[in-house]
Amino acid sequence: MAAHIYIDSSQLDTGLSTHLVQQGVLGDEQVTLVQNSAAELKCSFIEAASRLGMGGEDSLWEAMATVIQWPLVASVALCPPAHQILTQCQRLGLSIDWCLDQNVFVSQQDDLLQIYCVDPTDRFALGVIQHVAGEEEMAVHLLTPAMAASIADDVSRERAVSELFGRNNTDVMALAEEAPVINLVNSILERAIQAEASDIHIEAGAQSMLVRFRVDGRMVEFMQQPMGRFAAIASRIKLMAQLDIAERRLPQDGRFSTRMAKREFDVRVSSAPDVHGESIVMRLLPKKRDELTLDNLGFEADHLELIRQWGSLSNGIVLVTGPTGSGKSTTLYGLLADIRTGQEKIVTVEDPVEYQVEGITQVQARPDIGYTFAKALRTFLRQDPDVIMVGEIRDKETADIAIQSSLTGHLVLSTLHTNDACSVFPRLADIGVEPYLVAATIQGVQAQRLVRKLCASCAEPTEPPTFLATEAAGGDWRKPVGCKACQGRGYRGRVGVYELVPVTPAMRELITRGAPVNDIRELARRSGNRSLLEDGLLKASRGITSVEEVLRVCSMDDADT
């Protein structure tokens, strides 16, 4: 028989009190007070300390995990999936209600039986688990009370959903209105918001559906569900977004609003057919975004001054380029917020309108009914605007009207999909815009990417990259580690890296005569404009991000472009 997995309570109390004194959390008098209270209340040392307010729940359980050397589960990301807990309970013959009462849960990972508990001294509950597990290899984890409550909620929700789908109800519309399905969809939204995700991806598969979150630009798996539940979950989301639940062969777009954790979100929903059914993506857009100012987007001082100069122009075109999801719209909204004083008329034409801003006239383009960017722009040129923002220049018609607008005394802001700033000029020529018009109207071009910021709580100093010249290698270079604050990722949040290229008279001459893009890039470099890679490495040298993250997002070729 293997050694008992539970911890002796007297040894834990002694070790915990010693550890808390050594860490300076408690003094000797406070330890005595906690010990006396524990004796009077007939409870553990940690429970008495918690009742007396001698420490927060998280810090006390973190101390206990250190003393007993068990991994601590203090974040939702580390909790076992509810469906695995139900499966293992059924396999071992354990009552799930008993597990919920005892705050003990079992799961399976890497051929090990994973045991999760709040009280490591609970010899009865842990003894029962060890008995039913027999000779199986086990790993134990310590749960904070908050995480135990979270797991209990997930398990109760999962059990309700399993019972609902176990009734062989084939009416998808009826299932979408059932409380367990509603709670499951709400739980997915809530967890995504807690994880600070930007998107939720619900993907149909051959055997199961997969739910993934995009957190700081990277995909993270959240849960898997049996494929039989997909239709009801998809229908529930479509009902919320006022889409046709019967249409599964054509793509659909919709949106709805939700409120989670005292914050309001616009949720943009996109459904598209695939070989196993549908792929549903929900983009989470907070209605209130305090960070929508240029100061908070990561611009260096020289770039910030330059983009503000562009925003103060009375006419011309300013273009922001980059791939989808690189923060182009956020930058333009930040610039609009900087421009707006209440003394000008600002109009935006977008598809879709991502953020609603007070004091700005925002128009939703609807290409499906013929209300295109170009048609909306023509309409609003008659409404005496000062600044016009066009969501994206996609075709020659939109580009021509943007150019006409700038030539008639309007400042036009827009986006374009290119890899770097200087590629804008041949790109506009490719869609049919005359080079002399491009040269006459464009005042500045900005390229950007988003890199993940290092977690301020755990990032460690590291050596500068070897490819930098010795004289340029100074600074505060750091690398990711991973901790509770960043859920083990080493990164938390994102910041922009930028390339800003003002169109100078010399550059206008090159553009007008259709010079190769490499010649334009060479002129931009000689003028002292930083590339995306150089701006990223500047941020890495200040400990904001890591070199690896900059190289992941920015190609080494960018240094030469």
Side-chain angles (χ1 to χ4, degrees), residues 62 75 77 195-198 214-220 291 293-307 320-323 325-328 330-331 334 419-422 446-501 521 524-561:
E62 194 172 324
S75 71
E196 299 179 352
S198 59
R214 187 177 291 280
V215 181
D216 293 339
R218 305 301 291 269
M219 297 292 278
V220 179
E291 69 269 24
T293 63
L294 292 177
D295 295 300
N296 294 332
L297 296 180
F299 285 98
E300 298 297 328
D302 56 339
H303 281 173
L304 193 59
E305 181 182 358
L306 181 56
I307 196 170
V320 179
T321 79
S326 60
K328 300 187 298 295
T330 302
T331 297
N419 287 330
D420 70 329
C422 295
Q446 171 190 309
Q448 68 179 72
R449 300 288 189 276
L450 292 177
V451 295
R452 292 179 293 170
K453 292 194 292 185
L454 286 165
C455 174
S457 302
C458 64
E460 291 182 350
T462 188
E463 294 296 317
T466 55
F467 57 80
L468 286 184
T470 306
E471 62 272 14
D476 182 23
W477 303 90
R478 292 184 169 268
K479 64 180 180 181
V481 177
C483 66
K484 184 174 69 174
C486 60
Q487 299 183 353
R489 292 190 296 267
Y491 296 94
R492 193 173 184 188
R494 289 190 290 176
V495 68
V497 294
Y498 304 98
E499 175 190 22
L500 273 71
V501 177
R521 286 173 181 154
R525 292 296 161 266
R526 288 202 308 269
S527 302
N529 300 310
R530 284 193 304 279
S531 68
L532 288 167
L533 180 66
E534 289 165 343
D535 195 56
L537 290 174
L538 181 60
K539 289 178 170 64
S541 72
R542 295 178 179 167
I544 297 170
T545 187
S546 67
V547 174
E548 293 76 17
E549 180 68 6
V550 173
L551 295 178
R552 180 183 71 84
V553 172
C554 307
S555 166
M556 285 291 286
D557 294 338
D558 289 338
D560 304 320
T561 59

- Message: Quick check against the 3.5 Å criterion: does Asp216 have a side-chain atom that pairs as donor or acceptor with the backbone of Arg452?
- Response: no
Might you work through the side-chain contact (heavy atoms from CB on, under 4.5 Å) test for Leu294 and Ile307, ending with a clear yes or no? CA-CA 9 Å; Leu294 292 177; Ile307 196 170; 4.0 Å; yes
With sequence neighbours left out, the residues meeting salt bridge (Lys or Arg N to Asp or Glu O under 4.0 Å) with Arg552 are Glu549
Hits for ring pair (Phe, Tyr, Trp, His ring centres under 6.0 Å) against Tyr491, two or more places apart or cross-chain, chain-then-number order -> none
Worksheet item: So Val550 and Leu533, side-chain contact (heavy atoms from CB on, under 4.5 Å) or not? Walk me through it.
Response: CA-CA 7 Å; Val550 173; Leu533 180 66; 3.8 Å; yes
Taking every heavy atom of Leu454 against every heavy atom of Pro480, the minimum-distance pair comes out as CD2-N, 3.5 Å
Is there a side-chain contact between Trp477 and Ser541 in this structure, where contact means two heavy atoms from C-beta onward sitting under 4.5 Å apart?
yes
Main chain of Gly298, side chain of Lys539: is a donor-acceptor contact present, judged purely on distance under 3.5 Å?
yes
Tightest non-hydrogen contact, residues Val481 and Cys458, listed as CG2-O, 3.0 Å
Anything under 30° is parallel, anything over 60° is perpendicular, the rest tilted; go ahead and classify Tyr498 against His303.
-> perpendicular
How far apart are the C-alpha atoms of Asn419 and Arg449, what are their side-chain angles, what is the distance that settles it, and do they pass the side-chain contact (heavy atoms from CB on, under 4.5 Å) test? CA-CA 10 Å; Asn419 287 330; Arg449 300 288 189 276; 4.2 Å; yes
When rounded to the nearest 0.5 Å, the distance separating SG of Cys483 from CZ of Arg489 is 10.0 Å
For Arg542, the side chain to side chain donor-acceptor pair (under 3.5 Å) test, sequence neighbours excluded, returns Glu300
- Item | Arg478 (side chain) donor-acceptor with Ala459 (main chain) under 3.5 angstrom | yes
With sequence neighbours left out, the residues meeting side chain to side chain donor-acceptor pair (under 3.5 Å) with Thr545 are none
Exercise. Ignoring hydrogens and angles, tell me if any N or O in the side chain of Lys328 forms a donor-acceptor pair with the backbone of Gly322 under 3.5 Å.
Key: yes
Review point. So, Glu499 side chain and Ala447 main chain: donor-acceptor pair closer than 3.5 Å or not?
Key: no
All heavy atoms of Ser326 vs all of Leu450, minimum pair found to be O-CG, 3.4 Å
Legend entry - Any Arg525 side-chain heavy atom under 4.5 Å of Ser531 side chain: yes
Residues passing the side chain to side chain donor-acceptor pair (under 3.5 Å) test with Gln448, sequence neighbours excluded, are Thr331, Gln446
- Walk me through it: do Leu304 and Asp295 pass the test side-chain contact (heavy atoms from CB on, under 4.5 Å)? CA-CA 8 Å; Leu304 193 59; Asp295 295 300; 3.4 Å; yes
In terms of heavy-atom contacts, Ala195 and Val215 come closest through O-CG1, 3.5 Å
Contacts of Arg530 meeting salt bridge (Lys or Arg N to Asp or Glu O under 4.0 Å) (sequence neighbours excluded), chain-then-number -> Asp302, Asp535
Rounding to 0.5 Å, atoms CG (Leu500) and CG (Asn529) come to a distance of 8.0 Å
